[in-house]
Amino acid sequence: MKEEDENASSGDSNPQITPFPLESTEAAGVRIETAEGEDPFEVGEDSTFGPVRTEGEDLVVSLLLSPHAAASIARKNGAAARDIEGVEAVLFSEDLGRKKNRLNPRRPDDAILAEDEVTYCGQPVAIIVACDDATCREARNQIEIDYHPAPGILSVEHAMAMQSFHDGERVIQRGNATEVLDSTHADQILDGTFSITGQLPGTRPPGVRVNYRPGDRGITLELRTESPGIVRSAVAAALDLPESEVTVEPHPLENNGAAREMETAFISVIAALAASRCRWSTRLRLDSTENALLMGRRHGVHATFKAAFDRESGCIRAADIRFAMNGGPAVEDSDTILDRALLHADGCYHIADFCARGILCKTSTATCSTLPGEGTAQGIWVMEEMISRIAAHLDLPAETVREANFYRDSGTNNTTHYGQTVTGAAIQRVWKQALRRSSFDERRAAIHKWNQSNASFKRGIGVIPLKMGIGDPRSDRNFGTAQIQIFPDGSIRVYPGYVETFDGLTSQIQNEVSASFGIEREDVHVSPGNPQTTPLMTNRIGVDTTGLILKAVADAGENLKEQLRTVALQMLASRGNIEIELEAIQFENGCAGVGNNPESNRTLTFSELIDGAIRRRINLTGVGFYRAPNLWWDPEVGAGWPFSSYSYGAAVVEIQIDAFTGEIDVMQLDLVHEGSPAPDQSDRDEAQIMRAFAQGQGWLLSEPFLFSDDARANMTIGEEGIPGISDAPLAIEIDRLRPNGELSVAPGAPCAEAPLVLALAAREAIRDAILSFAGKNAGKLTIDLPFPSGPPEVLKTLREVSHQLAEIAKAKRYEKESKAVPNTRGPEQKNAG
Amino acid sequence: MQSWFTFELNSANCRVEGIDTHKTLAQFLADRGTWPGGRGFSPTDPWAGGDPILMASLDGLGRPKFRAVDAGLLLLPMAAGQHLWTWDAVRLTEPEHPVVKAVQLAAAECGPRAEARLGILLLEGYYRRDLRRIGQVREQLDGVVSRTANWRAIERIARAVFAKSERNRHEAEQEARSSGMEKLIRQGRIDSSHDTLSRQLVAFFPENDEDLSYVDESKRRFYRPQTLVELLQLKKQYPDAQIIAGGTGLGLYADAVEWPALISTEDVAELRAVLIGEDQWEIGAAASLTSVGEIVGRGCAPFAKILKRFASRSVRNRATLGGYLGSASAEGQIAPLLIALDARVHLASPDGERDAPINQFYTGDGKTILRPGELIRSVTVPRFNEAVLEARGSKFRLCDAYITSRRRGLCEPFVTGGFAVEFAADKTIRKAWISYSGVSDRPVRARKAENELAGRKWNEKAIMQVLPSVIQEIKITSNDRGDEDYRRQLIITLFQKFFYQHPTIEDETPIELGAASEFAVPAQPFFDAMQAVD
């Protein structure tokens, strides 16, 4: 609280405090009398404002969400709701005031509570604070809002038609794709479109608890969030507090997929405003419908591509891909997602003249930027779809076309369209390993044979390679921090700067620190998720958290060990060992010194050493920091070195289609993934791989994306498709490969996101199976497989295929008949199907 | 009337006084915690897998069994007199239990709730005596639907723990052979696992020998009578009372709806029984779908198939046919098969009894022919042996049912088809049943097509000629998912599938067209006694 606030109670109007808008409209009404200059949201010792609660449970905060995707609001009336016993406050945007109704400092333009216009479906219109859930519900029903609904923009296609965009187009290009495409012969060109729909995150609805008592200096928040820093700065800005007074206690996240950034800041600000307004602790928990609407879903994409290729080999000479991405009602972090899509639009393929463009569409649906693989998957999948269609068009096996286009380690064939270098050999390695491990060629032949003797069920197999950039294009995010504290008895506490997601990083840190200091594992306590100790935290999604954090921890350890070595030298010298060199002092087996025999006088026990350090007043807190070096990215220019390394992988998936129902069985998965030289992490890595693959499989196959005006329907429908163990592949093989040659910048296990992209192999396999229905006419078909490819979509595609086959058969018959009887006027119209 | 009841939670007596009848066990556990030092409990959406806990009960032959039940769908008064265990308690009190060790060591699930769900389902499977083959793993664990499941690790540990359980049983049987007690081991009356839970299970004996009449603080009542007569009397006395069976259907609405009085059928012996007669099975309205599947499924393969895909294991352990029919769900998966099996539903009231074929039971729009004061007593399903068929004038019968849905477990189906054909001695079709659910507001039959099939031979031509009538007759009502086209397709293709899987009249086993099963070697047993040389 700033000093000037002492004047508040005396009635002086103080420019630092936001005055309460007494001239607010009838909508807000006047419920609480305030003297001019008093801020009803003020937090601080001298606040005597408002009813004083002395006991009781947390107040419950609830939201009234807009049922319309777009509407103008004519009237808001909360009078009836406020009269209900137990309701502490009903707040509209007018009660918050313009400044507080924003997520400063990141989103200064977009309203938290709808002001006179609703910009997205589910936008909160009112905040209700009451003593329990039932009262909140009752109050919600009593609030009267007059909406004048307008048609909202619910899809990317609609946005494109309405020319509703954010900002301008972003371009990353190399060479001159347009020129080459224009000058190529039409029979060597393929163009098309591909739509990728969004996916519901399907995680537990988030909640936040704000701990505040009247007279408290600051405010504490407990919630699950990936970025406590962002929550902290948003709440500090909303309540006009310095960030140092805002304490965030992040709870562990269930897994990487539950990471949320701006969304948690959003609900935190709401709960904090409610807490400061009502002078009591509050808790806000979204239910599943609210979660689906507010937390957003993946960024849907509508891509248009055009490619020029060589007919013999399928080698692509030039390509132009345009992404129209759902950017939600406000840009937020969606521009980074678009950047990631453009940065990955090259897949694993070298294309000499390549142009990737993207634009963000302004729509009325919320999008989420922190899901695993967000942006990356969209970019890669469009390229892979393009290659599949080229292969189908040329009647070549898709694998051959892919191999023809891989990055190679010669000349300029190993540079991406934004200028970073790729290791072509790594791509070859994972690719070959996947093909060999899965006995691809034999299985393909076996499947072909099986298909020939089965009319109503068909199997298919597909293989996809992957190159995934590790690192956030926003270079300022590629860092790790850690703090190590040594206690007087020699035990150690580590505070790494990340939020726990149960992916095993914590135990890996424990292992490394105990090995580094030579002490027992039990003496090392790792305590992640402490923003008070490490105010800057590393994100879980999009960067190589493991690598960055481990390096930061190692840095902290080294800083401490340097000091401790000096102490050890002094202590050993005082025992008469003056010939010991500083560098020779090792930490192992609970000892520090030369050799690790505790009996000898050339070593000290660790606790002795610490004791000595304390006597000598040596600092036992080590701070570590690591920044991934040489990273930069300029979105204006479309060039840079945004990734600290690449993660390579490949997957082979075999599926079976039931032509009666369109249902798909995933039969076998063979996945190869490169990374993580840490030796004993195989369990954790396998878990991460499976989870990422499952999420990808759901996105591609079973999770439908429908958007109707009924929010609850959307949510249930989306969640119903999440694959369970009964949908898992019947056989799973996973290979982890250690990175070849020089260890890329950071060791770590970036396999929480890459396998999601590899799930595309299932879609390839479906296409393969559908083609097998056509037999030898496969090359003449155009298969438009919708996304996602659930049972209805597969059956629809099969119907179209059978129509196309019927047309082909008819055409053949006509040809045959017109050759046999040259004078016939027209073909016999026989209905073949 | 009493305002309290007790139950055993984690081997400790738990007394509940005055608590709301609508409160679920999950909410209760969330309020008080599951075990000292246990992780906090917060209820999960049942469609996302729910919160299973372990309950001890007796099966039809009086043998004690553990059942995983969803705490979020169990109203608290239903727990009265039951013995329940939560994962936290097992995890903390028996860290050496094979299931506990397996779940903790393998990175199979993330987060305490998902881990608890997996753990309880594995525990139930560990103590099941009929889990023999690898292909049954998915059926046991089909409630594991989460973004955080590590499929590979889960299959691995499931196979390992189920194999261990089989091995223990095998070894105990060997030992008991000398004293002639191996049969008791197989029946589970003697402990073969030698851990606390199994000892408790073997010693389990239900204490529900009295009616329960419970009233909560808001004067809402919950009755659990022990005989059918009492149940009917209660219903007559309180005509507004809601009859509740397993609670898996109504439990979803416990937050939203007010029931001043609830009458549970759970303890009524006449309604729980599944009677195996020579000509028919009589399935009590309060028998759990799991027991129904075990008993009836043994003799009727389509029944087992359909029940295995009903919701998930923990739901099946509580759901009943009475509750299923009473809820009159338009998308119900079991109704088409019951129609195809020519089943009849028997209704009882103080004024007497009556029965009706299943498809006449539904009157549309969520309503049934139940009169006030009437309840569902049982469902009879004919056993189509030679004698029964002959009495009906037929020589052969083919029957099957198909469910299509977006995912295999815990999913509302798109369309379910139930089909049956009876043949006279001259191999012509005597009668046919073509029924679907998920197409309109109630399960329907394609009567016209059924009549057209009569007298014809069973071949492709007949099917093709009859399909247009099916399309004409079955009107698909739209829902908000926009998949009418797909469902219209399905009503044709499912019937075609039925034909292609059953082309031979004499052979009622379906042809495995897809043979996905062959891939994962489901027939392979967890534990092969022949190979156990040690």
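Quick caveat, the model's predicted, so the values are computed rather than measured. In the text below, chain A, chain B and the rest are named by the order of the sequence lines, each starting its count at 1.
Neither the backbone nor the side chain of A114(B) comes within contact range of chain A, judged by heavy atoms closer than 4.5 Å. Residue Q697(A) touches chain B through its side chain alone, counting heavy-atom pairs closer than 4.5 Å. The contact between T404(B) and chain A is made by backbone and side chain atoms together, counting heavy-atom distances below 4.5 Å. Neither the backbone nor the side chain of I492(B) comes within less than 4.5 Å of any heavy atom of chain A. Contact of L121(B) with chain A is not made at all, since no heavy-atom distance falls under 4.5 Å. If you measure heavy-atom distances from A149(B) to chain A, the contacts under 4.5 Å come from the backbone alone. Proximity to chain A (any heavy atom under 4.5 Å) is restricted, for R309(B), to the side chain, taken from C-beta onward. Looking at F414(B), only its side chain comes within 4.5 Å of chain A, counting heavy atoms on both sides. There is no contact between P252(A) and chain B, counting heavy-atom distances below 4.5 Å. Heavy atoms of I734(A) lying under 4.5 Å from chain B belong to its backbone as well as its side chain.
A salt bridge does not link D727(A) with R406(B): every distance from a Lys NZ or Arg NE/NH1/NH2 to an Asp or Glu carboxylate oxygen is 4.0 Å or more. Checked for salt-bridge contact, E109(B) and R691(A) miss the test: no charged N lies under 4.0 Å from a carboxylate O.
Between R138(B) and L730(A) the shortest side-chain heavy-atom distance falls below 4.5 Å.
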**OP:** Kindly indicate, with the supporting measurements, whether the criterion side-chain contact (heavy atoms from CB on, under 4.5 Å) is fulfilled by L795(A) and Y486(B).
**Re:** CA-CA 8 Å; L795(A) 202 61; Y486(B) 179 57; 3.5 Å; yes

**OP:** Could you walk me through whether R156(B) and E686(A) pass the side-chain contact (heavy atoms from CB on, under 4.5 Å) test, one step at a time?
**Re:** CA-CA 12 Å; R156(B) 201 169 52 223; E686(A) 178 197 72; 3.1 Å; yes

**OP:** Step by step, work out the side-chain contact (heavy atoms from CB on, under 4.5 Å) result for L494(B) and T661(A).
**Re:** CA-CA 7 Å; L494(B) 288 181; T661(A) 60; 3.6 Å; yes

Original post:
Given the rule in the side-chain contact (heavy atoms from CB on, under 4.5 Å) test, do F660(A) and Y500(B) qualify, once you have shown the distances and angles that lead to the verdict?
Top reply: CA-CA 10 Å; F660(A) 292 110; Y500(B) 287 112; 3.6 Å; yes

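The minimum heavy-atom distance linking S726(A) with D142(B) is given by the pair OG-CB, 3.4 Å. When every heavy atom of I722(A) is checked against every heavy atom of V145(B), the shortest pair comes out as O-CG1, 3.8 Å. Summarising the geometry of D658(A) relative to K497(B), their closest heavy-atom pair is OD2-NZ, 2.6 Å, with the distance given to 0.1 Å. Shown here for R408(B) and I664(A), the closest heavy-atom pair between the two residues is NH2-O, 4.1 Å. When every heavy atom of W151(B) is checked against every heavy atom of I732(A), the shortest pair comes out as CB-CD1, 4.3 Å.
Residues satisfying the side chain to side chain donor-acceptor pair (under 3.5 Å) test with R799(A), not counting sequence neighbours, are none.
Here the CD atom belonging to Q140(B) is positioned 11.0 Å from the CD1 atom belonging to I725(A), to the nearest 0.5 angstrom.
Judged by distance alone, the side chain of E663(A) and the main-chain N or O of S405(B) form a donor-acceptor pair under 3.5 Å.
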